[in-house]
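Just so it is clear, the model here is predicted, and its values are computed rather than measured. We count residues from 1, following the sequence as given.
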Amino acid sequence: MSIRSPRTLVIAAAAVAVLATVPSPIVADEGDPAGWSVATDPRGRAFLKWVPEAGGPRILLIGCLRDVDEFFVSSVGVGGLPERASGVGLVLTVADADHVVYGDIEPDPDGGGPKFMHEADFDAAARKRMAKQLLPVLKAPGPIVLQVENGEPVELPLEPIPPRAGIEEPLKRFEKVCFGRK
C-alpha cells in the first residue's frame, strides 16, 4: 500500500478529524507569574491578570485600551462551562460588593477550553462608571470569587500568598493607566 493510496488518505483524514474533536489541555500563558500581575504599554493600555500558577491559564484578564476606548474582561480555565453560550454573566464577588459583566463563551483559539469574553466601549463616562463599580471589588479585603454563569466558582486571593503575588502593586499601576488622566 503506497502512502498516497486513497485508503491511506481516508485513514489519515479520519485521524485528523478525531484528533481535532479531542479537547486540548489548558494552554499556559507563558511569562505570567503566579497570582496578580499587570502589563502596560505606552499606548495607554493596561492588562490586569490573575493566574493560579506561573505560566498558568488567565483565569481573569481585565484589559483597558485607552488608545482605542475599549474595555474587556476575559476568563479561561474555569471548569464546568459550555463550549458556547451567549449573553452569560461573569460575576466577581467579595463580602460587601460585586461586579457583573455580560458576554459570550466560545472555544479559546489557543486551546484553553471555553473562554468568556466581554467587550465594551470605554469613553470618559464609561471609565468613570467602571471605576465606581469595579474598584470596590478589587480593593476589598477579599478574596474575590469569580463565577461565569453556572461554571465552577474560583477563589482569587487578593493578598500575597507565596508564591502568588498580591493585587496591591499591580492594581495601582492598572488603576493609574486605566482610570487616571490621559
Could you tell me whether the side chain of [Y] reaches within less than 4.5 Å of the side chain of [X], counting heavy atoms only?
X      : Y      : value
Val68  : Arg45  : yes
Leu65  : Phe72  : yes
Arg58  : Val76  : no
Asp69  : Asp121 : no
Ile62  : Trp50  : no
Val88  : Leu90  : no
Phe179 : Leu135 : yes
Leu134 : Leu92  : yes

If you look only at pairs with a residue in residues 74-98, which of them pass as a side-chain hydrogen bond (donor to acceptor under 3.5 Å, both in side chains), with sequence neighbours excluded?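 Qualifying pairs, neighbours excluded: none.
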
Hey, could you give me each pair passing side-chain hydrogen bond (donor to acceptor under 3.5 Å, both in side chains) that has a residue in residues 133-161? Not counting sequence neighbours. Lys139-Glu175

Asp123 CG: over 12 foreign heavy atoms closer than 6.0 Å: yes

Nearest heavy-atom neighbours spanning [X] and [Y]:
X      : Y      : value
Val51  : Pro57  : CG1-O, 3.3 Å
Val145 : Pro153 : CG1-CB, 3.8 Å
Pro52  : Ala34  : O-CB, 4.3 Å
Pro170 : Leu48  : CB-CD1, 3.9 Å
Gly142 : Leu158 : CA-CD1, 3.5 Å
Lys49  : Ala39  : NZ-CB, 3.8 Å

If you round to the nearest 0.5 Å, how far is [atom2] of [Y] from [atom1] of [X]?
X      : Y      : atom1 : atom2 : result
Asp32  : Phe47  : CG    : CZ    : 12.0 Å
Leu138 : Leu171 : CG    : CG    : 5.5 Å
Asp41  : Arg43  : CG    : CZ    : 4.5 Å
Arg129 : Arg127 : CZ    : CZ    : 11.0 Å

Do Val94 and Phe174 belong to the same hydrophobic cluster, where Ile, Leu, Val, Met, Phe, Trp and Tyr are linked whenever their side-chain heavy atoms lie under 4.5 Å apart, directly or via other members?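 Cluster IDs for Val94 and Phe174 match.
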
Qualifying residues under ring pair (Phe, Tyr, Trp, His ring centres under 6.0 Å), relative to Phe122, sequence neighbours excluded: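 Partners of Phe122 by the ring pair (Phe, Tyr, Trp, His ring centres under 6.0 Å) criterion, ordered by chain and then number, come out as Phe71.
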
Could you name each residue pair satisfying disulfide (SG to SG under 2.5 Å) that touches residues 42-114, not counting sequence neighbours?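 Of all non-adjacent pairs touching residues 42-114, those that pass disulfide (SG to SG under 2.5 Å) are Cys64-Cys178.
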
So, using side-chain hydrogen bond (donor to acceptor under 3.5 Å, both in side chains) as the criterion, who are the partners of Lys176 when residues are at least two apart? none

Side chain to side chain contact (heavy atoms under 4.5 Å, CB included), that's the test. Do Thr40 and Arg173 meet it? Break it down for me. CA-CA 8 Å; Thr40 60; Arg173 288 182 53 211; 3.1 Å; yes

Rest of the hydrophobic cluster containing Val91 (Ile/Leu/Val/Met/Phe/Trp/Tyr, side-chain heavy atoms under 4.5 Å)?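 Its cluster partners, ordered by chain and number, are Val100, Tyr102.
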
Counting only N and O atoms by type, is there a donor-acceptor contact under 3.5 Å from the side chain of Trp36 to the main-chain atoms of Arg164?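 No: the side chain of Trp36 does not pair with the backbone of Arg164.
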
